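Contents: one structure, followed by commentary.
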Number of protein chains: 2
Amino acid sequence: MSAIGDVARLAGVAKATASRALSGRGYVSTETRAKVIAAAHEIGYVASPNAASLVTGRTQSVGVIIPFISRWFFGEVLESVEQALLDQGYDMTLYNLPPESLERDRVFDFFLARKRFDGIISVGVALSEREVDHLHRLGRPLVGIGGPIRGAATIEIDDVAAARLATEHLLSLGHRDIVHVGGSQVDEMDFHVHSNRLRGFQAAMMAAGLSVSGCFYSAEFTMPGGYERGLAILGDPRRRPTAIFAASDEIAFGLILAARELGIRVPTELSVIGIDGHPHAEMFRLTTLAQHPRAQGGLAVRTLLAELATKDGTKLHTRRESIAPDQCDADGTSDSIVLATNLVIRSSTSAPRARVTHRS
Amino acid sequence: MSAIGDVARLAGVAKATASRALSGRGYVSTETRAKVIAAAHEIGYVASPNAASLVTGRTQSVGVIIPFISRWFFGEVLESVEQALLDQGYDMTLYNLPPESLERDRVFDFFLARKRFDGIISVGVALSEREVDHLHRLGRPLVGIGGPIRGAATIEIDDVAAARLATEHLLSLGHRDIVHVGGSQVDEMDFHVHSNRLRGFQAAMMAAGLSVSGCFYSAEFTMPGGYERGLAILGDPRRRPTAIFAASDEIAFGLILAARELGIRVPTELSVIGIDGHPHAEMFRLTTLAQHPRAQGGLAVRTLLAELATKDGTKLHTRRESIAPDQCDADGTSDSIVLATNLVIRSSTSAPRARVTHRS
DNA sequence: GGCCTTCATGGAACCGGTTCCATGGTCGTC
DNA sequence: GACGACCATGGAACCGGTTCCATGAAGGCC
C-alpha cells in the first residue's frame, strides 16, 4: 500500500525527514513535521512495525505464557494484561501451555526464539533454569506472575501467609476439626501454589496445637473437583469435620454444593473458606481470602515496560556476545513484589455448633 | 545474533542458496542443503520472521478478536484456536474487545492496520460494514465464529434451531408453562445470539399453540445472573412455570441453585434445560443442547488457513490499487458453516408433576 | 568578521531475510 | 554435435523503515 517513501514524496521531503517527523526522534522543523503528518494522513499511511523492528530490534509486542485460559484467575490476569498492553500500544501474543503440554519445548525453541517480542510475561508457569537462560540470552526481559523465577522480577501473593490467615480465621471461630482440600503436589505445574497453601494450613494448625495428619485431601482445582471431594469427605458423618479450608474458591463452591446435597447446613454445621475472591463468591456467600489478579496483571505489565524503558538505549538486537549473569542481577530486577490479600467475611463461616466431636 | 549470512558463510555458499536450502523453495542440491542445515544448527540459527515477512508479506501470525476471555464459550474457543494455530506454526495475537469497549476504533485503525497478521478470526464480535471493508482492503482474510459476517466465512451453530429443539424437548415432556431466560437484546454485542435463541423459543411455543407473552426474562449471561433471575421468577408460587429454557448453561446453573434455595425440586417441580454443553453440566445433571466450541475454533483455523493457502501465489502486500468487491465474493468464501448441536439428556428435565396450573 | 554551536535536511547504508535474473554445467534427444 | 530442458548456484535488488554522516544555514560570542 503506502510506504513512508510515498509520504515523503507527497510532502516534498526525504525519507529520513519523514521518518523523523513521524517518529518524533531527531530534529525536524515544526512546519515540516506538519506537512509530513498531513501527507501521511492524506494517504492513510500506517507504519509497518516489521520494517521498524528489523532495524530497531523493538517489536512493540509482548509474549504471554499461561497454562490455562478458562480458569478464573488466569482469565482475569489475561484480560488485565491485554488491556494494559493495549493502552501502551503493545500487541499481546499468547502461548497457552497446559501443564502436560508436549508443545513446551517447541514454544521455547521455536516460537520464543523468533524474537518477536520485546519481553515476556509468564503466568503460573514455573520456568526451568534452561528456559530462563534461553530468554536471557535473547536479551528479553521476563516478568513472572504467581511464583518466583530465578533471575526475574515476579509478582505474587504470599500463599503460605494467605493459607495461614484463612486457617486462623476458622481457628479463631473455635473450629478444631478442620480439613484442607487443595491441589495435589503431583500436578503442581504452577510453581508451588499447592504446597505453599498446604504449608500455610499446616503451620496454622500446628501453632494451635492441632495434629494435621489426615487433614489434607487433594482435588482438581475446579468446582466439580470440590464437589466430588466434598461428597466423599462429608458422606461419612462420623468423620465429618466442622470446617473446610479450600485452596480455591471454585473448590469451595463445589464443597458447598456437596454439603447442601447431603443436607449439611452451611455455616451452621459446616464452615467453608476459600482463597481467590471469585465474583461468584458473593452468590455463594463464601468467606474468602481475596487476591486481585487484575492488579497482578497490571503490575506485571508496568514492571516489564519499566525494564524495557531502562534498556532503551541498548538496541535489543545488539551483537554483544552474551550478557554476564551477574549483570542481570545487578539490574535489581530479580526481586519479587508481594501483593496483599484480604479476608472477605461472608456467611459461609461461623462458630461450630456445640456438639460431640466424632474425630479423635 | 546470527543471521543467515553467517550460516551461508559457514556453509560456504551464497545467502540466496542458504535461504533456499532452509526454506525449501527453489532448487538446492541434497548435499548443499545438508551442509547449510548443519551450519544453521551449529550456530543455533533461528530465522527472523520480521525480515521474512517484510518481503513475503506473510507474518505467520493470526489476530483474534474476542469480547470476553473468562466466559466458558470464549475461553474454549480461544484455547482450541491457539492450539490449532500453534500446530501450524502460527502465532496468535489477541485483542480483547468487551462490548462497550472504547478501544474498538483504536484496535481497528491502529493495531489491525499494522498488518501484523495474515488473517483474522473474529469470535462473537459483530463487525460493522466499515470494519469488514477495512480488513478486506488490507487484503487479509477474515473468518467469524458465532454469527454471519457479510463477505466472510463464518462458523456458527443454528441458534434458532437449537432453541427450538430445547423448547420442543420440554414440550414433548408435556410442559405447557414454559419460560425463557436469556440475554437482553440491548447488550447483544455478539451477533444475534440472544434474539435468535428467543426467536427459536417463540417459534416452538407458537407451533404448539401456546402464547409467548410474558414468557421471557432477561438475565446476565452468567451463573449469578441466572440465580438472581431465578429467585425473582420462582419466588412467587402463583406465577411459577413448570419448566425453564435457559439461553446458556451458566444461566441454567444459577436457576437450579435458585430453585434449590427456594426448596423447589428439580426436575420434579421444575425442569431446566440449557444450551452449551458446559463441563459443569454433568455435576448439575443439567439437560442441555451441547455445542462444541473447540470444534468451532479448530474449524475456523482450518478455514482461515485454507483461504491463506489459496492466496498463496498473490503476495499479500501486493500493490494492486484495491480489490474489487465482487472479486471478494467470487472467492466463494463468504458462505457460513453451520455446526451441529446435540441434545444431552440428564436429570434436570422430566414430565411436569400433575397439578393445577396457576398461570392462565 | 570569523568561528563554533545548534538546528534542519538529504543521501546512503543497514536490519535480515527472499526472490529475480544471469551464468554455467549436465544430460537427453534428434 | 548442437540445441533445449532442467538443475544448481551466485549476485544484486528489494521489502520499509531507522539512523549515521555530511552538508548547509542561522545565530551567539569574542
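Throughout, a chain's letter reflects where its sequence line sits, starting with A, and its residues are numbered from 1. The model shown is predicted, which means the values in this text are computed figures rather than measured ones. Note that these values count all heavy atoms, side chains included, but never hydrogens, waters or copies made by symmetry.
For B/Ser29 and D/dA8, the shortest distance from a side-chain N or O to OP1 or OP2 is not below 4.0 Å. Side-chain nitrogen and oxygen atoms of A/Thr17 include at least one within less than 4.0 Å of the OP1 or OP2 phosphate oxygen of C/dG10. The phosphate of C/dG17 (OP1 or OP2) has no side-chain N or O of B/Ser19 nearer than 4.0 angstrom. A close approach under 4.0 Å does occur between a side-chain nitrogen or oxygen of B/Tyr27 and OP1 or OP2 of D/dC7. Not one side-chain nitrogen or oxygen of A/Arg20 sits closer than 4.0 Å to the OP1 or OP2 atom of C/dA8. Side-chain N/O atoms of B/Ser23 include none lying less than 4.0 angstrom from OP1 or OP2 on C/dT18.
Looking at heavy-atom distances under 4.0 Å, A/Ser48 makes contact with sugar-phosphate atoms alone, never a base.
Taking atom CD of residue A/Glu31 and atom C1' of nucleotide D/dA25, one finds them 14 Å apart after rounding to whole Å. Between B/Ile4 atom CD1 and D/dT9 atom P there is a gap of 15 Å when expressed in whole angstrom units. Rounded to whole Å, the distance from CZ on B/Arg58 to P on D/dG16 is 16 Å. For A/Gln60 and D/dT18, the CD to C1' distance is 14 Å, given to the nearest whole Å. If you take CG of B/Asn50 and C1' of C/dC14, they are 15 Å apart, rounded to a whole angstrom. Taking atom CG on A/Leu54 and atom P on D/dG17, their separation rounds to 12 Å, with Å as the unit. In this structure, the NZ atom of B/Lys115 is 9 Å from the C1' atom of D/dG16, given to the nearest Å.
Listed nucleotides D/dG16, D/dT19, C/dT19 differ in distance to B/Arg25; the shortest reach to its side chain belongs to C/dT19. Of the listed nucleotides (C/dT19, D/dG17, C/dG11), D/dG17 has the atom at the smallest distance from the side chain of A/Ala47. The side chain of A/Tyr45 has D/dG17 as its nearest neighbour among D/dG17, D/dG11, C/dT18.
Checking B/Gly26 against B/Lys15, the closest nucleotide of DNA chain D that is more toward the 5' end is the one next to B/Gly26.
B/Gln296 places no side-chain N or O within 3.5 Å of a backbone atom of B/Gly146 that could act as its donor or acceptor partner. With hydrogens and angles disregarded, no donor-acceptor distance shorter than 3.5 Å links the side chain of A/Asn96 to the backbone of A/Ile65.
Note that the CG atom of A/Leu78 and the CG atom of B/Leu78 stand 7.5 Å from one another [nearest 0.5 Å].
Between the side chains of B/Asp91 and A/Thr93, no donor-acceptor pair is found at a separation under 3.5 Å.
In this pair, B/Phe117 and B/Tyr95 present their aromatic rings perpendicular. The plane angle is above 60°, beyond the 30 to 60° band.
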